[in-house]
There are 2 protein chains.
Amino acid sequence: MPVSELGEKTTGKRADARKNIAAIVEAAISCLARDPDVSINEIAKAAGVGRVTLYGHFESRAALVGVVVEHAMQQTDEALDALDLEGDPRAALARLIDTSWQLTHRYGALVIAAEQALPPDQVREAHSKPIARWQRLLRRGRRDGAFRKDMPLDWQVSLIQAILHGASAAVHRGEITPEQAPALIRDTVLGALTPPSD
Amino acid sequence: MPVSELGEKTTGKRADARKNIAAIVEAAISCLARDPDVSINEIAKAAGVGRVTLYGHFESRAALVGVVVEHAMQQTDEALDALDLEGDPRAALARLIDTSWQLTHRYGALVIAAEQALPPDQVREAHSKPIARWQRLLRRGRRDGAFRKDMPLDWQVSLIQAILHGASAAVHRGEITPEQAPALIRDTVLGALTPPSD
DNA sequence: GATAACACGTACGCTGATGTTCGAGTACTG
DNA sequence: CAGTACTCGAACATCAGCGTACGTGTTATC
């Protein structure tokens, strides 16, 4: 999964410059996902590039984070757009969960980095699209009686996010393996959304 | 809920000194729970005390965080020890959830502050006691058939923690009110732990 | 192969936080 | 009421990260 398109950030630049920019973004993703407080220095080093070179391509830390977030959001949208969310709501939810898990685990703590480097409205705006997807699917499932209706929709969305991030943390802690995570999350979320029998 | 006992931190000190120490710890709790990266300055100001005075009582930021964590753990233990966890596992779990919710919401992000100011083993050790309580109860409920057994116990514990923290964040975000939170969490967790019908 | 674009290291100034020191004032304690 | 424990603010040293400037190489590109 190479850094495919970075807007007009690369047009007209030299080949090695493009390669370095890609390496920087790639390194920033993996560094920020692990620790949202990494220094620019470490990101540059992880990209195999001098700190000054990095500043040649990105005006500031905020600018870099912005590009990274944008890139992550684009990847996310692409992956989610490819999903079929029709048919049985529970099966559709399972598919959405599996893909979201990959993305959450990969981009991990990037949200936190975004929160403290970007204006709040930009963060909210980046969140809104994926959130809407969950909302749509949950609403449909509630109509069909597949999901419980006795709690706020927004809470259920937040719940799913919390479980995804919790699972990511659990994997990093070594509590569960990356292999068993998807099935575990799927069963857990479906269990939490199943209407109570009584 | 005054800061009751702070070890031998206060013995032999003057009355106003004791009062200030208590105010500092109290302020540190509420500040760190909101933002784990607050400066010492802000904590001192929130306590109505000069920064220098704070350093007169606590050697360093780490020392302060250490005392705060210790104090929080003590409060936690006290509150949880007072609970009756016998009888119907689901009812007992509901009680444990309600109390844990209060504590989680109050101490919030303090864990994060601890993680980056204290040695890792001290953090782990502080976590172990409450975790064991969840484990014990869940194990008993699994034997009784009250909770599902088809996922690792540790995952279920992590899940509960994730839900509690997620709910706290949701309240801070204004998504749900503090009043509706306990019932919501209770229903959600019980739903997630209920054995699947098929 | 000439040239412009790029990478690199070093060094510098800036900021914000931490922790310390000092001198002087204030208030608890016996 | 005397002495001492404590508080306070200001000032200082330190450190780490950010962002910039400069001079010197390298290397893609035409």
Side-chain angles (χ1 to χ4, degrees), chain A residues 3 6 8-28 31-32 34-69 109 112-119, chain B residues 3 6 8-28 31-32 34-69 109 112-119:
Chain A
V3 174
L6 289 169
E8 292 115 33
K9 191 116 197 104
T10 59
T11 62
K13 305 253 179 161
R14 234 171 57 182
D16 54 347
R18 275 200 299 271
K19 203 190 57 164
N20 276 338
I21 293 178
I24 290 171
V25 172
E26 205 55 46
C31 287
L32 290 171
R34 223 176 306 121
D35 171 18
D37 296 323
V38 234
S39 67
I40 292 284
N41 207 344
E42 285 179 75
I43 296 178
K45 211 170 294 177
V49 146
R51 194 169 67 98
V52 189
T53 302
L54 191 154
Y55 276 110
H57 294 300
F58 301 92
E59 272 194 350
S60 65
R61 165 178 256 272
L64 174 58
V65 173
V67 171
V68 167
V69 167
I112 301 172
E115 274 167 2
Q116 57 196 34
L118 265 46
Chain B
V3 174
L6 289 168
E8 291 114 34
K9 188 114 198 109
T10 60
T11 60
K13 305 254 179 160
R14 232 170 58 179
D16 55 346
R18 274 199 300 270
K19 203 189 58 163
N20 277 338
I21 293 178
I24 291 171
V25 172
E26 205 54 47
C31 287
L32 290 172
R34 223 175 306 121
D35 170 18
D37 295 324
V38 236
S39 66
I40 293 285
N41 206 349
E42 285 179 75
I43 295 178
K45 211 170 294 178
V49 145
R51 198 169 64 97
V52 189
T53 303
L54 192 154
Y55 276 109
H57 294 301
F58 301 92
E59 273 195 350
S60 67
R61 164 178 258 270
L64 174 58
V65 172
V67 171
V68 166
V69 167
I112 301 171
E115 274 167 3
Q116 57 196 33
L118 267 46

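Every chain is numbered from 1, with letters handed out A, B, ... down the list of sequences.
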Original post:
Are A/I21 and A/V67 close enough, and set up right, to give a side-chain contact (heavy atoms from CB on, under 4.5 Å), and what steps lead you there?
Top reply: CA-CA 11 Å; A/I21 293 178; A/V67 171; over 6 Å; no
Original post:
Given that A/V38 and B/T53 both sit by DNA chain D, which one's nearest nucleotide is further toward the 5' end?
Top reply: B/T53
Original post:
Per the side-chain contact (heavy atoms from CB on, under 4.5 Å) rule, which among A/D37, A/V69, A/V38 passes with A/L32?
Top reply: A/V38
Original post:
What does B/R61 touch in the nucleic acid at a heavy-atom separation under 4.0 angstrom: a base, only the sugar-phosphate, or nothing?
Top reply: sugar-phosphate
Original post:
Do the side-chain N or O atoms of B/N20 get closer than 4.0 angstrom to the phosphate oxygens (OP1, OP2) of D/dT7?
Top reply: yes
Original post:
Taking CZ from A/R18 and C1' from D/dA28, how many angstroms apart are they, rounded to a whole number?
Top reply: 10 Å
Subject >> Side chain of A/A17 - closest among C/dA7, C/dG19, D/dC22 >> reply: C/dA7
Original post:
Picking from C/dT20, D/dC18, C/dA7, which would you name as closest to the side chain of A/I40?
Top reply: D/dC18
Original post:
Checking side-chain contact (heavy atoms from CB on, under 4.5 Å) against B/F58, which of B/V25, B/I40, B/V65, B/T53 comes through?
Top reply: B/V25
Subject >> From A/L54 atom CG to A/K45 atom NZ, the distance as rounded to the nearest 0.5 Å >> reply: 12.5 Å
**OP:** For B/R51 and for B/A15, find the nucleotide of DNA chain C with the closest heavy atom, then tell me which residue's nucleotide is more 5'.
**Re:** B/R51
**OP:** Answer yes or no: does a side-chain N or O of B/R14 lie under 4.0 Å from OP1 or OP2 of C/dT29?
**Re:** no
Original post:
OP1, OP2 of C/dA7 versus side-chain N and O of A/H57: anything below 4.0 Å?
Top reply: yes
Original post:
So which nucleotide from C/dA7, D/dC22, C/dA17 ends up closest to the side chain of A/D16?
Top reply: C/dA7
Subject >> Nearest-angstrom distance from the residue atom CG of B/D35 to C1' of C/dA17 >> reply: 14 Å
Subject >> Atom pair distance, as rounded to whole Å: CD in B/Q116 and P in C/dT18 >> reply: 12 Å
**OP:** Take atom CG of A/N41 and atom P of D/dC18, then tell me their distance rounded to the nearest Å.
**Re:** 8 Å
**OP:** Whole angstrom is fine here: how far is it from CD1 in B/I24 over to P in D/dC6?
**Re:** 13 Å
Original post:
About how many Å separate CZ of B/R61 and CG of B/L118, when rounded to the nearest 0.5 Å?
Top reply: 11.0 Å
Subject >> B/I43 CD1 - C/dG19 P separation (whole Å) >> reply: 11 Å
**OP:** Let me know the distance between CZ of A/F58 and P of D/dC18, rounded to the nearest Å.
**Re:** 15 Å
Original post:
Over how many whole Å does the gap from B/Y55 atom OH to D/dA10 atom C1' extend?
Top reply: 16 Å
Original post:
In terms of side-chain heavy atoms of A/V52, which of D/dC22, D/dG9, C/dA17 is nearest?
Top reply: D/dC22
